[in-house]
Amino acid sequence: MKFPPIDKQLALIERGVAEIVPEDALVEKLRRAEKTGEPLIVKLGCDPSRPDLHLGHSVVLRKLRQFQDIGHQAVLIVGDFTGMIGDPSGRSRERPALSVEETRENGRSYFEQASRILDPERTRIVYNSEWLEKLNFSDVIQLAGKYTVARMLERDDFEKRYKSGEPIGIHEFLYPLAQAQDSVAIRADIELGGTDQKFNLLVGRAVQQSEKMAPQVCIMMPILPGTDGVEKMSKSLDNYIGISESPEEMYGKTLSIPDDLIYQWFELATNVPTEELPAIKAAAKREPRNTKHRLAWTIASMYYGDDAADQARSHFEKTVIRGDVPENMESVRFAMDEGPRMGILDLMTRAGLTGSNGEARRLIAQHAVSIDGEKISDVRMEVDVHVGPSFVIKAGKRRFARILREEEGIS
RNA sequence: GGGCAGGUUGCCGAGUGGUCAAAGGCGGCAGACUGUAAAUCUGCUCCCUCAGGGUUCGGAGGUUCGAAUCCUCCCCUGCCCA
């Protein structure tokens, strides 16, 4: 295996990272790879209980991709073992115990989405139950003996909870150790993660050392702020842009971010050349509107191509700026044994526009519902769902449904 | 094992027998406005056949005309002692 010159590799690796621990060990590892021709093993762990990837995950995945591009070995570890245990404290509903099938299914789904960023041909994917399941209780006690309670409590999250009297399960101490064991099992040279993973990545170093193994280099990426500009991007806070969301959603959601996030997103979430970044920084200040549109376009085009990004832009201009009806939307056709007349509340709920009739009622009261552009105000209104031209119901700003009917006299 | 304090609607958090579908904040949604799906202001925010009805306050029973509020048992959490 032939690698690019080390300074070139370093330049690429260092772009956008928050921290490399320790930096000189990285150079050493790169030298060794050059000498032996053996690619470095670059590890990234993923949580199979949340298989929906968003731009936040993309930051670290794109870093992994860069390692692939210069010839190193990417290893994606699916944490199915911990996923199958779940979280017995019952506190975190985010972590339900999964069955084997579910973890496999989620692992596949994760890999499929990650393949939009990674080179799937050169990605090794492994499930950590493969080795963690084999450990018996005395193995676990030995592993636990490699770290101390005081050091565990150094972790910010543990320390905070401990001080504020929130519960910490013993098993939670074992998770970082399990993750460290993964590094031992695959003999990781490098582990990637967000800055929030620093603690866990460092435990990996400690455990590898006690196994007489060269400790991994930890590379931490900054945390991408979510669309709200405050919290980190996450699904549960609903401030995320999913990797498999439509280009229109990507475009619109990107435009909703606060202006002072524009540059950071360019740096972390896109692959614009490093040389262009300073110019973008200036542009973001000078003309935030245009720069943000460019960001939105760039993101949409990374995942769907230029044409789709163009379309996303015109969709946005049409529906949001001019308030028109979009071209693509859900279409609903009611079966002949229903109706023919249906109450508007029922109709909206059945068409998936609202979660309950009460919500539909409220929206109508707020003048937020229109049929083919006509605002409606009567909650008792009834509509023929079978005969007549198809029509479009709009509920609120962004919810549309087309109701298909049979044109009279045709077919 | 013992003592104490707690578990309230998506979240935080008031409420200690009827005036409670339950204050307030956050979040969410809508309207106005805007370059924007941002910010701001205003309204809404359990469900239904909506001037009415139904189901909620960790779980199961009980007291009462009436319980989120009182009693019993159970489950869960934190603190202190052992």
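Keep in mind that this is a model prediction, so the values were computed, not measured. Letters A, B, ... are given to chains in the order of the sequence lines, protein chains preceding strands, and every chain is numbered from 1.
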Atom-to-atom span, [atom1] of [X] to [atom2] of [N] - whole angstrom:
| X | N | atom1 | atom2 | value |
| --- | --- | --- | --- | --- |
| A/Ile364 | B/C44 | CD1 | C1' | 14 Å |
| A/Ile376 | B/A30 | CD1 | C1' | 14 Å |
| A/His293 | B/A38 | NE2 | P | 14 Å |
| A/Asp346 | B/C48 | CG | P | 10 Å |
| A/Ile170 | B/U77 | CD1 | P | 12 Å |
| A/Ile168 | B/C79 | CD1 | C1' | 14 Å |
| A/Trp265 | B/U36 | CH2 | P | 19 Å |
| A/Arg294 | B/U36 | CZ | C1' | 18 Å |

[atom1] spacing across the pair [N] / [M], given as an integer number of angstrom:
| N | M | atom1 | answer |
| --- | --- | --- | --- |
| B/G28 | B/G62 | C1' | 40 Å |
| B/C71 | B/U16 | P | 15 Å |
| B/U77 | B/U64 | P | 35 Å |
| B/A22 | B/G27 | P | 23 Å |
| B/G17 | B/U69 | P | 11 Å |
| B/C57 | B/A5 | P | 23 Å |
| B/C48 | B/G59 | P | 23 Å |
| B/G24 | B/G35 | P | 34 Å |

Is there a Watson-Crick or G-U wobble partner for [N] with both distances under 3.5 Å, and which nucleotide is it?
| N | value |
| --- | --- |
| B/G24 | B/C12 |
| B/C79 | B/G3 |
| B/G35 | none |
| B/C50 | none |

Run the salt-bridge test on [X] and [Y] with the 4.0 Å N-O cut-off and return the result as yes or no.
| X | Y | value |
| --- | --- | --- |
| A/Lys253 | A/Glu245 | yes |
| A/Glu159 | A/Arg155 | no |
| A/Glu359 | A/Arg399 | yes |
| A/Glu112 | A/Arg108 | no |
| A/Asp119 | A/Arg122 | yes |
| A/Arg15 | A/Glu267 | no |

What nucleic acid atoms does [X] come within less than 4.0 Å of, heavy atoms only: base, sugar-phosphate, or nothing?
| X | answer |
| --- | --- |
| A/Arg380 | nothing |
| A/Gly358 | base |
| A/Glu317 | nothing |
| A/Asp259 | base |

Check every atom of [options] against the side chain of [X] and return the nucleotide holding the closest atom.
| X | options | value |
| --- | --- | --- |
| A/Pro167 | B/U36, B/G43, B/U77 | B/U77 |
| A/Lys292 | B/G31, B/U49, B/U36 | B/U36 |
| A/Arg362 | B/U45, B/G35, B/C48 | B/U45 |
| A/Lys397 | B/G31, B/C29, B/U36 | B/G31 |
| A/Leu255 | B/C50, B/U36, B/A30 | B/U36 |
| A/Ser356 | B/U36, B/C48, B/C29 | B/C48 |

Exercise. Looking only at side-chain N and O atoms, does A/Asn357 come under 4.0 Å of OP1 or OP2 in B/C47?
Worked result: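 Answer no for this pair, as no side-chain N or O of A/Asn357 is under 4.0 Å from OP1 or OP2.
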Exercise. Of A/Ile321 and A/Leu363, whose closest RNA chain B nucleotide lies nearer the 5' terminus?
Worked result: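 The answer here is A/Leu363.
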Problem set entry | Of A/Pro288 and A/Thr227, the one whose closest RNA chain B nucleotide lies more 5' |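 Closer to the 5' end of RNA chain B: A/Pro288.
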Exercise. Would you say the ring centroid of A/Tyr147 lies under 6.0 angstrom from that of A/Phe173?
Worked result: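 Distance test on ring centres: not under 6.0 Å, no.
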For this session: Check whether the side chain of A/Gln366 and the base of B/G31 form a donor-acceptor pair under 3.5 Å.
Result: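 Flag unset: no donor-acceptor pair detected.
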Problem set entry | Donor + acceptor pair across side chains of A/Glu191, A/Gln179 (<3.5 Å) |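 Result is yes, a qualifying pair exists.
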